[in-house]
Amino acid sequence: MLLNIVHGTESGGFIVVEDTVKYSGREILKCFINAALKRGEDVHVLGFETSEAELRAGLDSSCVQKIHFHKGHPDPLGWTCKSSVTVHQFTTRDITQLVQNVPHTKASVLIVDSLSFVLRHHQPVVICQRLQELKKVGVVKTIVGLLHSDLHLQGVVKSVCHLANAVISVAPANNEHCGMAKTTRRTKSGKLMQEEEYFDVSEDAALSVQTRTHQPGHVQIEPDKPKADPTSNLTFNLRLSKKEKEAKEKVALPFVFSQEKKSALLRPTPGSGRITYEPDAYDDLDEEDPDDDLDV
Amino acid sequence: MFPELNSILSSSPDSFRSGDFIVLSDRQADASFLIHHYLSFYLRAGCKVCFLGLVQSFSHYSAVSQRLGVSLTQAREKGQLVFLEGLKDSIGVLSQEESSQSKLPLSYLRSPGAGLECLFKFVESSVSQNTENEDGEKWGPPVLLIDDLSVLLTLGVSAGAILDFTLYCQATICSELQGNIGILVRREEEDVEDEGSNLLQKGLIHQCSLALHVEGLPTGYCRDIHGQMEVWWRSREDAMYNQRKVFHYKVHDKGASFFARGTSSALL
């Protein structure tokens, strides 16, 4: 499912790439850019958190004219007047204007790096409204936003993800070389589909998904090596012959009670000590057997 | 400068990676020995250093650096070190009239809600001025060191504003000027529930290329091992990307020694 979404086989909409400190989702964002360029679509990037150079690194240089980098970085708040776009211009009207200013042939893709920065400077409700409006206006076919889920309240994260057609949450996999993506997709009919996949992003922003059956807990990457026999190559004998094995099976374990053993233990043997007890006046003697409820 | 830490991080004053954003954090321990390490490291490397000392006086850092073999007074006179003495200057900001204060770097003391734009402007001008020493040679790439950033939270600046400030510093110093940044953030045990402190630390780790986290030993106090330090390599260009390793350390008079867990000289 991850490959279908990234390569745009599913029709656009709003896609959220959710990451945490443990694993960065920016590489997935680059895969989206790469895939859109290969489809010949125009890509508009609102970059607030990383530089243009960092996002361009590894992308196919032949399609470079199709990427329109609206420079928020290095001045996303307008402190030094070095940027063309500030975070305060994250409005439906301004974004529509930015996209329409560039002559384009095919439907465009809007990449937001990152939504976390935008949410820090605007009310979440307002941003949700604007994203919804952008979807309706239709000037961009697909909006992909990067969201750092550990930098916001859970309610905010869930509200933004609720608007999305697809949410890709990335986390580290047990094998350090790849990551794990949990993709949740909502179809137009409202049906929800989820899938967990292991993925790897190459240096040229190509996404590859490992088809591995999902196992809870530790995933084994290599097949089990045949276990070495620990009883070989020793100076003493640890093996049992057939007779010894049979004798071992027959041994009665000390605390496993069979019927005969129970009755043998409970029968008083001749010569064993007897206990006589004479209660005095203050004793509260209970005639019941205190061990009656034991299942022995 | 601690030679063992240099070898763990594969860097030295003669060859270190530029564009690095290093976050030093601690919890129930004191990571300020690391900021002294980086101060002497970058001064030895011949870089232009802008040091925001918000929690200690200049003489404190000077005394410690003397033991590590670097003279801060000389560096300041030569123009290699720009030192913002937060404690001393703050009295001036707080006691004077309102009108002239809006542009000063410590203006957040009067109006914490306004953000750290002025502080950023101060940093920007410090690293771009006087880029040559008296012999006419250029200083190395600019470096910004901050000790410590979490004190701004207690002064009323929001975590979001601090993250904006570090983003701007990173954009200017790391991306444009290919310099380095080292920031210390501290956390008290009582701050576990503190949203601002959590947010600040997580936000900085998202931005950083190397995170060093210092904590006390989970088993309690030990005379020979002062704590453990976790190194988290976060730069995509690093061969050790997204790997974390834990070391034990001991701080002594003229430095600190680092060793793998279980290999303290007291044990071996």
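Worth knowing before you read on, the calculation uses all heavy atoms, side chains too, and leaves out hydrogens, waters and symmetry mates. Throughout, a chain's letter reflects where its sequence line sits, starting with A, and its residues are numbered from 1.
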(request) Might you confirm whether atom NZ of A/Lys182 has over 12 heavy atoms from other residues, nucleotides or ligands at distances under 6.0 Å? (result) no
(message) Please report the interatomic distance CG(A/Leu151) to CD(B/Gln201), rounded to the nearest 0.5 Å.
(response) 12.0 Å
(request) May I ask you to decide if A/Thr80's main-chain N or O and B/Tyr168's side chain share a donor-acceptor pair within less than 3.5 Å? (result) no
(message) At a heavy-atom distance under 4.5 Å, which candidate from B/Leu200, B/Leu167, B/Ile205 has the highest pair count against chain A?
(response) B/Leu167
(message) Using a 6.0 Å cut-off, check whether atom CD of A/Gln194 has over 12 heavy atoms from anything other than its own residue.
(response) yes
(request) Please flag which part of B/Glu176 lies under 4.5 Å from any non-hydrogen atom of chain A: side chain, backbone, both or neither. (result) side chain
(request) Look at the aromatic rings of A/His148 and B/His206 and report parallel, tilted or perpendicular, splitting at 30° and 60°. (result) tilted
(request) Let me know if A/Phe117 has heavy atoms under 4.5 Å from chain B in its side chain, its backbone, both or neither. (result) side chain
(request) Enumerate the residue pairs fulfilling salt bridge (charged side-chain N to carboxylate O under 4.0 Å, His left out) with a member in residues 13-28 of chain A, sequence neighbours excluded, ordered by first and then second residue. (result) A/Arg26-A/Glu49, A/Arg26-A/Asp113, A/Glu27-B/Arg236
(request) Supply the atom-to-atom distance B/Lys202 NZ to A/Asp150 CG, rounded to the nearest 0.5 angstrom. (result) 5.5 Å
(request) Sequence neighbours left out, what passes side-chain hydrogen bond (donor to acceptor under 3.5 Å, both in side chains) with B/Asp164? Give chain and number order. (result) A/Arg120, A/His121
(message) So for A/Thr20, is it side chain, backbone, both, or neither that comes closer than 4.5 Å to the heavy atoms of chain B?
(response) backbone
(request) Flag the pair A/His73 / B/Ser175 as yes when at least one side-chain heavy-atom distance between them is below 4.5 Å, and no otherwise. (result) yes
(message) Just so I know, are the side chains of A/Val21 and B/Trp232 near enough to count as touching, which here means a heavy-atom distance under 4.5 Å?
(response) yes
(request) Kindly compute the distance separating CG (A/Leu77) from CZ (B/Phe120), expressed to the nearest 0.5 Å. (result) 10.5 Å
(message) What part of B/Glu124 gets within 4.5 angstrom of chain A, counting heavy atoms only: side chain, backbone, both, or neither?
(response) side chain
(request) Please check if atom NE2 in A/His162 has more than 12 non-hydrogen atoms from other residues, nucleotides or ligands closer than 6.0 Å. (result) no
(request) Under 4.5 Å, counting heavy-atom pairs only, tell me which of A/Pro76, A/Ser24, A/Ser51 racks up the most with chain B. (result) A/Pro76
(request) Kindly give the heavy-atom pair with the smallest separation between A/Trp79 and B/Leu116, and that separation in Å. (result) CH2-C, 4.1 Å
